[in-house]
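Note that these values count all heavy atoms, side chains included, but never hydrogens, waters or copies made by symmetry. Numbered from 1 within each chain, the chains take letters A, B, ... in sequence-line order.
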2 protein chains.
Amino acid sequence: MKRNSRLSSTLHILVHMAETQERALTSEQLATFIHTNPVVVRRTIAGIVTSSRGHGGGWQLGRAPEKISLAEISAALGETLLPFGTEPESPGCLVEQAVIAALDDFRVAAERLLAEKLSRITLADLAADFHRRYELIGVTSHAV
Amino acid sequence: MKRNSRLSSTLHILVHMAETQERALTSEQLATFIHTNPVVVRRTIAGIVTSSRGHGGGWQLGRAPEKISLAEISAALGETLLPFGTEPESPGCLVEQAVIAALDDFRVAAERLLAEKLSRITLADLAADFHRRYELIGVTSHAV
DNA sequence: AAGACTCGTAACTAAGTAAGTTACATGAAA
DNA sequence: TTTCATGTAACTTACTTAGTTACGAGTCTT
């Protein structure tokens with residue numbers, strides 16, 4: 001995994017969950033989907049979706065995929081989409097302060113824009129695109 | 001330095017250069033400004049601004065600060081502002097492909113928006129803000 | 001109540017990234 | 001020729017994150 005692919009892998013997991021809404025999926029099952037470790041899965045989606053312990057337990061989406069936007073998911077991850085360095089490294093340098101102030105202003109405005117765009121995409125949209133690709137493969141295979 | 005603070009430190013260096021346009025600054029001088037190493041400075045701004053070797057050499061802005069936008073600088077760094085992971089990790093997984101496609105579309109659109117915003121900020125703007133802060137400190141010091 | 005199952009989490013290892021550092025070849029001016 | 005400065009390679013160090021192992025705690029079945 002490269003940097004900030006947490007959103008990417010979280011979405012990957014969540015779309016798989018959207019495909020099997022009827023039942024809970026264990027972190028072990030999800031781990032095989034994305035070729036990683038159950039503990040990594042738990043760490044990744046902890047606090048993002050509902051979980052239940054014990055026999056028959058696992059992970060489930062709290063709501064319908066149509067109601068879950070990428071903006072929510074991104075916000076739930078608690079990471080900024082624009083990982084600028086805005087901590088002063090030369091305290092007292094007014095040039096640095098001017099740079100940081102400008103980038104901070106930019107970041108705040110930019111994140112508002114990005115959140116607005118992400119709020120228009122839902123998990124259901126991704127699931128629909130998955131199905132489109134699935135049908136396409138099916139047709140292709142048939143043709144060949 | 002934290003992640004993706006290259007834009008931040010590059011701007012820090014460039015505003016210092018904008019303050020001394022009359023002459024070239026050596027990487028050693030710039031390094032003391034931002035409390036780092038001359039080699040790190042050279043690596044950071046190589047290809048971004050003009051350089052000259054030998055006696056009296058150093059680094060200089062190619063144009064007036066009013067003509068240099070943050071969008072150019074960001075583009076010259078050759079890094080994406082949105083460091084999503086969009087390389088497939090589970091080749092053949094259609095769910096992952098759908099996620100990556102959606103994030104790629106989003107990233108392209110988002111970067112266009114961000115570049116548009118950054119193109120409205122110039123190095124001269126940052127330098128002006130620096131001077132504003134400088135005057136403010138001067139007044140404060142006088143008052144105390 | 002016992003056993004099986006699963007999350008939650010701590011602790012450690014491994015891998016990758018980027019800054020910092022040293023060293024030196026190349027080019028340019030005095 | 002000497003001095004100065006970039007360009008760059010090679011190495012070290014620090015940090016972040018994935019991966020792994022282990023185990024406690026909660027929950028369901030029998």
dT27(D) phosphate, OP1 or OP2, under 4.0 Å from S52(A) side-chain N/O:
no
Comparing nearest nucleotides in DNA chain D, the 5'-proximal residue of the pair R53(A), G58(B) is G58(B)
For the pair made of CG in L7(A) and C1' in dT17(D), what is the distance, rounded to whole Å?
16 Å
Side chains of I73(B) and L118(B): does their closest heavy-atom pair fall under 4.5 Å?
no
Does a side-chain N or O of S27(B) approach OP1 or OP2 of dT6(D) to a distance below 4.0 Å, or not?
yes
Distance, rounded to the nearest Å, where M17(A) contributes CE and dC7(C) contributes P
10 Å
In whole Å, I'd like the distance from the CG atom of L30(A) to the P atom of dT6(C).
12 Å
Is the phosphate of dC7(C), meaning OP1 or OP2, less than 4.0 Å from a side-chain N or O of T26(A)?
no
E96(A) and H35(B): side chain donor to acceptor below 3.5 Å:
no
Rounded to whole angstrom units, what separation is found between the CD atom of Q29(B) and the P atom of dA5(D)?
8 Å
Okay, side chain of E72(A), backbone of S69(A): is any donor-acceptor separation there less than 3.5 Å?
yes
Rounded to whole Å, please give me the gap between CD in E89(A) and P in dA14(D).
17 Å
Toward the 5' end of DNA chain C, which comes first, V39(A) or G57(A), by nearest nucleotide?
G57(A)
Closest approach to the side chain of R43(B), judged atom by atom: which nucleotide of dG20(C), dT29(D), dA11(C) is it?
dG20(C)
Report the distance from atom CG of N37(A) to atom C1' of dG19(D), rounded to the nearest whole Å.
6 Å
Flag side-chain contact, heavy atom, 4.5 Å: I13(B) against F33(B)
no
Let me know the distance between CD of E28(B) and C1' of dT6(D), rounded to the nearest Å.
12 Å
W59(B) side-chain proximity, nearest of dA19(C), dT6(D), dC5(C):
dT6(D)
Given DNA chain D, 5'-ward residue of the pair H35(A) and R42(A), judged by closest heavy atom:
H35(A)
Roughly, in whole Å, what's the span from CD1 in I13(A) to P in dC7(C)?
12 Å
Please examine the side chains of L30(A) and I45(A), heavy atoms only from C-beta on, and report whether any two atoms are closer than 4.5 Å.
yes
